[in-house]
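For reference, the structure is listed below as structure tokens.
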There are 2 protein chains.
Amino acid sequence: MQNKVGIAPVGGENLLFLTDDQLRRGIEAMFFAYRAFTADPDLILADMDYGRAHHRALHFIHRDPGLTVTALLDVLGVTKQSLNRVLRALIEDGLVESRVGHRDRRERQLFLTEKGGALERRLSETQRARMRSAYRAAGPQAVSGFRQVLEAMMDRDTLRQFKSLKDLPDPS
Amino acid sequence: MQNKVGIAPVGGENLLFLTDDQLRRGIEAMFFAYRAFTADPDLILADMDYGRAHHRALHFIHRDPGLTVTALLDVLGVTKQSLNRVLRALIEDGLVESRVGHRDRRERQLFLTEKGGALERRLSETQRARMRSAYRAAGPQAVSGFRQVLEAMMDRDTLRQFKSLKDLPDPS
DNA sequence: CTTATTACGTCAGACTTGTTGACTTTCCAA
DNA sequence: TTGGAAAGTCAACAAGTCTGACGTAATAAG
């Protein structure tokens, strides 16, 4: 079951890093890094009545203004009932605006209000700062590897979703 | 606020990758990759009455058999009330054994039973398989960068915790 | 020896985030 | 005009987290 040898059975390269122990270290690094990664926004959100779910909604509405509820549902991978509660709170508090779709009027298109944009910036800036610092410390080559491994970890559908995310049209 | 230029103000290197847009892509990659990363164990756990919290407990008991409840609390970063519920279920179901500490009899030392070890292996093997495949696809240099960036993202205490984790004495 | 502290366990109550299932409303399209 | 898709709503529940309070046992400190 376990690979005690530390050399992959096939493949000509030096694959010492594929020992179970090295893989376990990678798994643990993901666990610890993700916790650190979410720590800063969580601190801000804890003061308000919001949680991580609200942050995620704000993030994806910011990066693709006017997206429909279904599209948001898709990218977040939760049920509409779950998202609805979050969205309702954000709309009631005036952070998100829900407009009737102009092509298909059944659809709702979501936009951040000025207030919503302000909170999104405040949240994402802490996360960007951490990421920027990590990128700077590790260097360009490491960043490239970081991105390569993360993408290779995604399943087909997730990767497709990730790749299809458009660039920000207007970095406000 | 936003860095539209795309070149870091200081630093002689090519720091194009530090634009806000590149940082946002990194943030999203973390989000999607972490979701994929936990998907396989979650599927297995869903069948039983267990969740991600049980998996984490099994993982750290496996990697450091005999650790005390306080030590586990520390590494997981949750409250004892939260952990207690998880631990009680695992002990009642015969996956974890809690022995009175031989040095300090107030302490409880935690061990996996054979049954617990079997589940831990089943869970971690799916995660290792994904990580192995990602590592193989990305190559050794990318793996090195991946690890560097993840470590650079951790805060001091988390990094200290991560570094202090011992290697597995007996990869059973 | 008495007292304080530590480690652990437990009970109660709350919140966030997720789930299913059932139902209504709206509205496009055949 | 009617069927079906998109969206929203309500109810009930579960996992996992939290805080606060309390009890017990064992060690450490005085």
Side-chain angles (χ1 to χ4, degrees), chain A residues 31 34-35 38-39 41-61 66-93 96-110 123, chain B residues 31 34-35 38-39 41-61 66-93 96-111:
Chain A
F31 169 66
Y34 195 77
R35 199 170 60 183
T38 56
D42 283 358
L43 265 181
I44 296 172
L45 291 157
D47 284 341
M48 323 177 172
D49 268 357
Y50 299 135
R52 214 174 280 178
H54 301 84
H55 181 193
R56 291 197 285 258
L58 291 175
H59 175 97
F60 285 108
I61 295 172
L67 90 172
T68 64
V69 172
T70 302
L72 184 53
L73 235 37
D74 234 52
V75 71
L76 291 177
V78 297
T79 59
K80 66 178 174 180
Q81 292 90 335
S82 189
L83 175 60
N84 199 257
R85 195 175 14 192
V86 167
L87 229 40
R88 195 176 358 173
L90 292 173
I91 291 169
E92 276 174 9
D93 296 350
V96 167
E97 195 188 347
S98 168
R99 298 186 207 149
V100 170
H102 65 286
R103 273 188 15 165
D104 185 335
R105 295 179 53 198
R106 289 169 300 183
E107 295 180 343
R108 298 290 179 275
Q109 293 191 284
L110 303 170
L123 291 170
Chain B
F31 169 66
Y34 194 78
R35 200 171 59 182
T38 56
D42 283 358
L43 265 180
I44 296 172
L45 291 157
D47 284 341
M48 322 178 174
D49 269 356
Y50 299 135
R52 215 174 279 179
H54 300 84
H55 181 192
R56 290 197 286 258
L58 291 175
H59 175 97
F60 285 108
I61 296 172
L67 90 172
T68 65
V69 173
T70 303
L72 184 54
L73 236 36
D74 234 51
V75 70
L76 292 177
V78 297
T79 59
K80 67 176 174 178
Q81 293 90 333
S82 189
L83 175 60
N84 199 256
R85 194 174 19 179
V86 167
L87 228 40
R88 193 176 3 176
L90 292 174
I91 291 169
E92 276 174 8
D93 295 350
V96 167
E97 195 188 347
S98 168
R99 300 184 206 148
V100 170
H102 66 286
R103 275 186 17 161
D104 186 334
R105 294 180 53 197
R106 288 171 302 183
E107 296 180 341
R108 298 288 180 275
Q109 294 190 284
L110 303 170
F111 301 87

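Numbered from 1 within each chain, the chains take letters A, B, ... in sequence-line order. Atom set for the values below is all heavy atoms of this structure, side chains included, hydrogens, waters and symmetry mates excluded.
Every residue was checked against the side-chain hydrogen bond (donor to acceptor under 3.5 Å, both in side chains) condition with A:E107, not counting sequence neighbours, and none meets it. Residues satisfying the salt bridge (charged side-chain N to carboxylate O under 4.0 Å, His left out) criterion with A:D104, sequence neighbours excluded, are A:R106. Applying the side-chain hydrogen bond (donor to acceptor under 3.5 Å, both in side chains) criterion to A:Y34, with sequence neighbours excluded, gives no partner residue. Residues satisfying the side-chain hydrogen bond (donor to acceptor under 3.5 Å, both in side chains) test with A:H54, not counting sequence neighbours, are none. Not a single side-chain hydrogen bond (donor to acceptor under 3.5 Å, both in side chains) links B:N84 to another residue, sequence neighbours left out. Residues satisfying the salt bridge (charged side-chain N to carboxylate O under 4.0 Å, His left out) criterion with B:R99, sequence neighbours excluded, are B:E97.
Identified under the salt bridge (charged side-chain N to carboxylate O under 4.0 Å, His left out) test for residues 43-56 of chain A, with sequence neighbours left out: A:D42-A:R52.
When distances run from any side-chain atom of B:R108 to the nucleotides C:dG18, C:dG9, D:dA6, the shortest one goes to C:dG9. Nearest to the side chain of A:V69, among C:dG9, C:dT17, D:dG8, sits D:dG8.
DNA chain D lies under 4.0 Å from at least one heavy atom of each of the following residues of residues 73-82 of chain B: B:G77, B:V78, B:T79, B:Q81, B:S82.
Taken to the nearest 0.5 Å, the CG atom of B:L90 stands 11.5 Å off from the OG atom of B:S98.
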Using the 3.5 Å cut-off, write out each protein N or O paired with an N or O of nucleotides 2-6 of chain C and the distance between them.
{"from": "C:dT6", "atom 1": "O2", "to": "B:R106", "atom 2": "NH1", "distance (Å)": "2.7"}

